[in-house]
Amino acid sequence: MQTRTISLTVSRLEFKTLCNYFTNLEATTKRNEMISTLAELFQNSDEEEIDSISYFLVGDITADYKEVKLGMGEEMTKSSISLALELGEDDVDEKFQELGDLGDLAAEVEHGPEKKFAEFFEIDALTVEKVHEGLLKIANTSGENSQEIMKKTLAALLSAADSCSRRYIIRLVLGQMRLGVGDMTVLDGLAAAFLGSKDDRPPLEHAYNVSSDIGYVAQILAKSGLEGVKRIRVAINRPLRPQLAQRVDKITEVREKIDSDTISVEEKYDGERIQAHKDGGKVRLFSRRLNEITHQFPEIVESVSNHVEADSAILDGEAVAYDFSEKEYFPFQKIMNRRRKYDIEEYAEKIPVKYMVFDLVYKNGSSYLRKNYIERTEEMHEILGEHDYIAPTGRILTDNLDEIDEYFQDCISRGLEGVICKSTSSNSYYRAGAREWSWIKWKSSYASELSDTLDLVIVGSYAGKGKRAGTYGSLLCASYNHEEDIYETVCKLGTGFTDELLAELPEKLSDAQSDKKPARLKTTENVEPDTWFTPKHVIEVKGSELTESPVHTCNWDPEKERGLGLRFPRFIRWRPDKSPEQATTTSEIVQMREG
DNA sequence: CCTGATGCGTC
DNA sequence: GTCGGAC
DNA sequence: GTCCGACGACGCATCAGG
């Protein structure tokens with residue numbers, strides 16, 4: 001065994017000091033103000049802890065793609081707070097409903113800690129690094145008794161913290177800082193701190209998009225300056241942030257938004273985004289959020305390995321569950337069965353997957369990011385033929401809007417989700433991490449005539465969190481089963497409301513509020529809103545699709561223990577003209593689903 | 001050994 | 001994933 | 001137009017506790 005003296009970098013920024021910056025950031029909605037606060041923070045940060053600080057700002061403790069999971073959510077956190085601050089579980093629940101933020105709750109409680117929980121995590125001074133270490137310890141705890149150890153480790157951190165620090169420790173555990181600061185704002189702040197102005201963000205953004213690690217970019221910038229950052233390049237086995245698509249509500253907008261005459265119209269599959277890295281004979285797969293999912297799709301690994309004619313390559317595409325005997329796509333829920341750790345081979349046979357490739361980002365040592373769409377996809381077609389489990393994404397190239405629509409209709413009739421329209425202009429580069437108008441999605445569910453619009457009865461509500469504190473976060477919605485004269489849940493609904501509507505909701509619904517669950521409402525055990533409402537108020541709700549549900553009771557099948565649920569529900573408008581019996585009926589919903 | 005609660009990640 | 005608000 | 005943070009359904013893994 002080798003011992004060596006490590007020169008300990010004494011970077012001992014008090015966590016409390018960092019929390020002052022958090023507080024200032026949270027106090028404003030002006031991005032420019034945030035950026036100057038961030039710039040000041042970064043200028044005062046030691047280069048050894050600027051990475052942790054960057055992660056903290058966006059509510060993480062490491063890069064997204066590193067397999068570090070806290071394993072503590074709301075429930076465990078509540079329990080830890082209760083333990084550390086000696087507050088009854090019921091008090092915590094009640095306060096949480098009121099405040100909508102467990103961090104605020106932990107900050108509010110007055111408590112001089114009796115217990116220190118030092119046997120779980122010893123703290124002499126609560127520095128930034130100490131908090132980081134504690135959070136990593138929680139993430140690394142597993143196995144028997146792990147929940148107790150995690151709770152007590154967090155309790156140790158809380159016991160060593162002042163009120164304000166408790167707020168942000170809790171928010172870090174939950175991964176929600178609610179500062180109004182996201183990754184792009186952090187990059188602006190870094191640019192302002194080290195390069196003079198937020199306008200100098202582009203090279204940082206590029207490094208981030210290619211490395212997917214904001215802490216790394218921050219640290220390289222602090223240590224080696226812009227030169228160091230510019231050396232960060234696309235690399236095999238390091239996932240890059242996938243390019244995303246904008247959406248459009250009318251197909252005619254595609255023509256206005258896309259900057260090239262010729263538009264590539266690609267099939268859009270309802271599957272899972274996968275970035276494949278081929279490194280000689282080795283293949284690794286990464287998900288949309290850059291988690292490694294290589295082991296989940298052996299057939300894709302094999303296909304990329306055998307049918308991609310390149311020594312090294314990075315491909316972008318969508319894995320879609322495919323029924324080879326019927327020659328049709330399986331619904332999205334099927335591919336979710338493939339997100340597993342066990343019985344992989346069995347499920348690979350039951351639910352095979354086709355990897356539909358639409359882009360080539362890297363080949364044989366060269367980045368293709370700065371090649372245009374046509375160049376990239378031509379090469380992609382050259383190295384990739386059509387095989388069982390891998391194929392290039394179907395597409396047409398056209399400058400004609402009618403042809404786009406025709407192709408879209410054709411895709412819908414073949415069971416696809418819609419199309420993605422892409423620019424073919426000379427600067428149609430692969431813009432890692434960007435959601436821009438060079439890629440536009442047009443889904444069937446955006447077209448009103450193809451989407452499911454339901455009039456549903458409000459039967460419950462859930463307390464809002466964060467900026468929804470004090471009002472409702474979501475509403476429990478039900479259909480009317482006219483045969484049995486009962487109401488059956490279809491979805492919770494938490495988006496589509498304006499702030500104004502949201503603010504007046506409690507008042508508007510107060511006349512229907514009830515202490516008990518309505519007698520004629522059927523629910524499963526998993527559905528337990530904070531407030532019940534007697535069926536009275538009707539609202540129009542739009543969704544993209546009706547799916548089989550284990551939690552919603554609409555058209556409940558006792559044998560399968562499944563009902564119907566609405567995917568992507570959003571509020572459209574109030575329907576004061578409708579009585580609850582005039583709401584969409586369960587049988588109408590069944591008909592919608594059948595087609 | 002099984003089940004429900006909880007967390008996490010896909011869309 | 002969808003959506004609305006702030007800039 | 002961009003960025004951020006509210007919120008949705010659903011499936012698998014893990015752990016606690018019977």
Side-chain angles (χ1 to χ4, degrees), chain A residues 28-34 58-59 64 67 69-79 100 141-148 150 174-188 244 246-247 257 269-274 287-291 293 296 318-319 331-343 347 417 434-437 441 443 445-446 462 464-469 471-477 490-502 525-526 541-552 562 564-572:
Chain A
T28 181
T29 54
K30 295 189 171 62
R31 275 173 51 82
N32 285 337
E33 215 170 301
M34 292 177 191
V58 295
D64 247 5
E67 321 264 309
K69 286 178 265 173
L70 265 297
M72 282 191 99
E74 225 158 60
E75 296 305 317
M76 297 246 313
T77 303
K78 276 192 212 165
S79 159
T141 305
S142 67
E144 201 168 331
N145 260 330
S146 55
Q147 298 192 346
E148 195 194 339
M150 290 191 273
L174 296 173
Q176 297 181 295
M177 291 298 275
R178 302 205 240 246
L179 301 177
V181 171
D183 46 10
M184 291 305 152
T185 313
V186 170
L187 292 172
D188 278 340
L244 305 171
Q246 276 287 10
R247 57 167 286 185
K257 303 278 188 183
Y269 314 96
D270 195 3
E272 188 176 345
R273 186 82 175 265
I274 290 187
S287 70
R288 154 83 185 268
R289 289 194 173 64
L290 311 177
N291 291 307
I293 50 170
Q296 289 175 8
E318 186 93 358
F332 176 74
Q333 267 163 305
K334 282 276 186 190
I335 203 176
M336 297 314 280
N337 296 139
R338 294 292 306 273
R339 306 182 41 76
R340 57 173 50 252
K341 193 169 164 184
Y342 307 107
D343 307 320
Y347 276 80
E417 201 184 21
R435 189 189 288 279
E436 290 181 341
W437 293 102
K441 59 182 164 180
K443 300 211 294 191
S445 54
Y446 304 158
Y462 294 81
K465 293 163 194 170
K467 63 186 177 187
R468 296 265 183 100
T471 178
Y472 299 133
S474 64
L475 302 173
L476 181 62
C477 300
V490 181
C491 65
K492 292 199 287 171
L493 177 68
T495 192
F497 317 112
T498 60
D499 281 3
E500 194 189 358
L501 174 66
L502 211 46
E525 302 83 18
N526 305 14
V541 178
K542 185 161 151 173
S544 69
E545 185 189 10
L546 289 155
T547 58
E548 276 196 5
S549 168
V551 304
H552 290 295
R562 276 170 172 267
L564 291 175
L566 189 63
R567 182 146 83 137
F568 308 146
R570 57 263 200 199
F571 174 84
I572 300 298

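Lettering follows sequence order; numbering is per chain, from 1. This is a predicted model, so every value here is computed, not measured. We use all heavy atoms of the structure for the numbers below, so side chains are in, but hydrogens, waters and symmetry mates are not.
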Engineer: Check every strand shown and say whether A:Asp183 touches a base, only sugar-phosphate, or nothing at a heavy-atom separation below 4.0 Å.
Structural biologist: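 The residue A:Asp183 makes sugar-phosphate contact but no base contact.
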Engineer: Taking only residues two or more places apart in sequence, or in another chain, which ones meet A:Arg339 in a side-chain hydrogen bond (donor to acceptor under 3.5 Å, both in side chains)?
Structural biologist: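 For A:Arg339 the side-chain hydrogen bond (donor to acceptor under 3.5 Å, both in side chains) partners, ignoring immediate neighbours, are A:Glu272.
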Engineer: Applying a 4.0 Å non-hydrogen cut-off, can you work out what A:Leu70 is touching in the nucleic acid: base, sugar-phosphate, or nothing?
Structural biologist: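 Counting heavy atoms under 4.0 Å across all strands, the contact made by A:Leu70 is with sugar-phosphate only.
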Engineer: Run the side-chain hydrogen bond (donor to acceptor under 3.5 Å, both in side chains) test against A:Asp64 and tell me which residues pass, sequence neighbours left out.
Structural biologist: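 Partners of A:Asp64 by the side-chain hydrogen bond (donor to acceptor under 3.5 Å, both in side chains) criterion come out as none, since no residue qualifies.
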Engineer: Sequence neighbours excluded, which residues qualify as side-chain hydrogen bond (donor to acceptor under 3.5 Å, both in side chains) partners of A:Glu548?
Structural biologist: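 By the side-chain hydrogen bond (donor to acceptor under 3.5 Å, both in side chains) rule, A:Glu548 matches A:Lys560, A:Arg562.
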Engineer: Pick base, sugar-phosphate or nothing for A:Ile274, based on heavy-atom distances below 4.0 Å to the nucleic acid.
Structural biologist: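 Nothing, no heavy atom under 4.0 Å.
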Engineer: Nearest-Å distance, CG (A:Leu493) to P (D:dA6)?
Structural biologist: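 Result: 18 Å.
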Engineer: Can you name the side-chain contact (heavy atoms from CB on, under 4.5 Å) partners of A:Ser474, sequence neighbours left out?
Structural biologist: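 By the side-chain contact (heavy atoms from CB on, under 4.5 Å) rule, A:Ser474 matches A:Tyr462, A:Lys492.
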Engineer: Tell me every residue that passes salt bridge (charged side-chain N to carboxylate O under 4.0 Å, His left out) with A:Lys334, counting only those two or more places apart in sequence or in another chain.
Structural biologist: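 Expected list: none.
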Engineer: Expressed as a whole number of angstroms, how long is the span from A:Glu436:CD to D:dC3:C1'?
Structural biologist: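 These atoms are roughly 13 Å apart.
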Engineer: For A:Lys441, check salt bridge (charged side-chain N to carboxylate O under 4.0 Å, His left out) against everything at least two apart and list the hits.
Structural biologist: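 Expected list: none.
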Engineer: Rounded to whole angstroms, how far apart are CG on A:Leu475 and C1' on D:dC7?
Structural biologist: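 Value for this atom pair: 11 Å.
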Engineer: Residues two or more places apart in sequence or in another chain: which of them pass side-chain hydrogen bond (donor to acceptor under 3.5 Å, both in side chains) with A:Arg247?
Structural biologist: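 A:Arg247 satisfies side-chain hydrogen bond (donor to acceptor under 3.5 Å, both in side chains) with A:Asp249 once adjacent residues are dropped.
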Engineer: Atom CG of A:Leu179 and atom P of D:dC4: how far apart are they, to the nearest Å?
Structural biologist: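 Atom-to-atom, A:Leu179 to D:dC4, this comes out as 11 Å.
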Engineer: Taking any atom closer than 4.0 angstrom to a non-hydrogen atom of chain A, what span of DNA chain B does the protein reach, first nucleotide to last?
Structural biologist: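 Result: B:dT6 to B:dC11.
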Engineer: Quick one: ring pair (Phe, Tyr, Trp, His ring centres under 6.0 Å) partners of A:Phe332, sequence neighbours excluded?
Structural biologist: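 Result, ring pair (Phe, Tyr, Trp, His ring centres under 6.0 Å) vs A:Phe332: none returned.
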Engineer: Less than 4.5 Å apart, any side-chain heavy atom of A:Glu318 and any of A:Glu417?
Structural biologist: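 The answer is no, as the side chains (C-beta and beyond) never meet within the 4.5 Å cut-off.
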Engineer: Please encode protein proximity along nucleotides 10-16 of chain D as a string of B, S and -, counting only heavy-atom distances under 4.0 Å.
Structural biologist: SSSSSSS
Engineer: Give the B/S/- string for nucleotides 1-7 of chain C, one per nucleotide from 5' to 3', where a protein heavy atom under 4.0 Å of the base yields B, of only the sugar-phosphate yields S, and otherwise -.
Structural biologist: SBBBSSS
Engineer: Could you pick out which residue, A:Phe332 or A:Glu525, lies toward the 5' side of DNA chain B when each is mapped onto its nearest nucleotide?
Structural biologist: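 It is A:Glu525 whose nearest nucleotide is closer to the 5' end.
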Engineer: Suppose we screen for salt bridge (charged side-chain N to carboxylate O under 4.0 Å, His left out). Which residues come up paired with A:Arg468, at least two apart in sequence or across chains?
Structural biologist: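 With sequence neighbours excluded, A:Arg468 shows a salt bridge (charged side-chain N to carboxylate O under 4.0 Å, His left out) to no residue whatsoever.
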Engineer: Would you say the side chain of A:Thr547 lies within less than 4.5 Å of the side chain of A:His552, judging by non-hydrogen atoms?
Structural biologist: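 A:His552 does not reach A:Thr547 side chain to side chain.
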Engineer: For the C1' atoms, the ones on B:dC8 and on C:dG1, what distance do you get once it is rounded to whole angstrom?
Structural biologist: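 Each nucleotide's C1' atom is 16 Å from the other's.
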